[in-house]
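So the structure is just underneath, and the comments pick up after that.
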Amino acid sequence: LNAAPRRAPRQHVRFLPTPAPGGGGAVELVPTMVPVLADHPLVRGPRFRRLKIGVGHRLDMKSSGVFVLGIGHGNKLLTDLYNCHLTKVYTVGGLFGKATEDFSDTGKLIEKTTFDHITREKLERILAVIQGTNHKALLMYSNIDMKTQEAYELAVRGLIRPMDKSPPIITAV
């Protein structure tokens with residue numbers, strides 16, 4: 001940040017003596033705009049001496065999204081942001097019939113097979129089971145009494161989320 005271009009120094013009016021047009025050693029004062037020397041980089045020094053920067057969360061190598069940084073007093077807000085327990089949304093893609101050594105799309109292909117035995121109905125049934133078990137886990141980690149009106153209203157609006165450390169919970173597929 002200190003290497004970034006600086007704004008131009010402020011200007012102020014100074015009355016500088018100049019020889020009078022008539023000569024004869026007479027001097028007159030002429031108003032002139034000059035830079036304020038207190039704004040000069042050699043006088044002022046670096047703009048940022050101690051700058052605290054905090055990271056809100058870490059993005060994985062193959063992920064994209066908002067990378068939150070706290071600068072200066074904004075570091076105090078990172079804790080509040082973490083305590084909000086915001087949910088994260090991931091879009092996952094897959095390819096049936098191929099297996100790689102590191103389970104990624106860029107890994108070395110180790111196995112290839114047919115996948116015509118997989119039907120949409122079977123896949124939707126398995127995803128519904130996964131989503132149902134994760135909803136039960138979500139209710140368990142949310143620390144909300146499920147017999148209250150507040151819990152019902154939060155559930156209707158889809159605002160129930162884990163309040164403590166929890167394993168990854170799938171809320172929608």
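Quantities reported herein were computed from a predicted structural model and do not represent experimental measurements. In this chain, residues are counted from 1 in sequence order.
- Here the closest heavy-atom approach between residue Thr133 and residue Ile130 is recorded as OG1-O, 2.9 Å.
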Before giving the answer on salt bridge (Lys or Arg N to Asp or Glu O under 4.0 Å), spell out for Glu121 and Arg125 the whole-Å C-alpha distance, their side-chain angles and the decisive distance to 0.1 Å.
CA-CA 6 Å; Glu121 293 78 27; Arg125 195 171 346 139; over 6 Å; no

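- Scored by the salt bridge (charged side-chain N to carboxylate O under 4.0 Å, His left out) test, Asp39 finds Arg10, Arg44 as partners (sequence neighbours excluded).
- Residues Thr79 and Leu81 fail the side-chain proximity criterion, which asks for heavy atoms closer than 4.5 Å.
- Put simply, Ile71 and Phe67 are part of the same group of oily side chains (I, L, V, M, F, W, Y) that touch within less than 4.5 Å, one to the next.
- Annotation: Leu69, atom CG; neighbour count of heavy atoms from other residues, nucleotides and ligands within 6.0 Å is above 12.
- With rounding to the nearest 0.5 angstrom, the CG atom of Leu29 is 8.5 Å from the CG atom of Leu16.
- Here the straight-line distance linking atom CG of Leu127 with atom NZ of Lys122 works out to 14.0 Å at 0.5 Å rounding.
- Here the NZ atom belonging to Lys108 is positioned 11.5 Å from the CG atom belonging to Asp102, to the nearest 0.5 angstrom.
- Other residues, nucleotides and ligands contribute over 12 non-hydrogen atoms within 6.0 Å of the CZ atom of Arg6.
- The two residues Leu109 and Ala99 have their closest heavy-atom pair at CD1-O, 3.4 Å.
- If you chain together hydrophobic residues whose side chains sit under 4.5 Å apart, Phe103 and Ile118 never meet in one group.
- If you chain together hydrophobic residues whose side chains sit under 4.5 Å apart, Leu123 and Val129 never meet in one group.
- The CG atom of Leu78 sits 12.0 Å away from the NZ atom of Lys76 when rounded to the nearest 0.5 Å.
- Remark: Met33 CE to His12 NE2 distance equals 8.5 Å, nearest 0.5 Å.
- By the 4.5 Å heavy-atom criterion applied to side chains, Pro31 and Arg14 are not counted as neighbours.
- Criterion: ILVMFWY side-chain heavy atoms under 4.5 Å apart, direct or through other members. Under it, Phe96 and Ile126 are part of a common hydrophobic cluster.
- At a threshold of 4.5 Å between side-chain heavy atoms, the hydrophobic network of Ile, Leu, Val, Met, Phe, Trp and Tyr places Val36 and Val13 in two separate groups.
- We find the NZ-NZ distance between Lys98 and Lys112 to be 5.0 Å, quoted to the nearest 0.5 Å.
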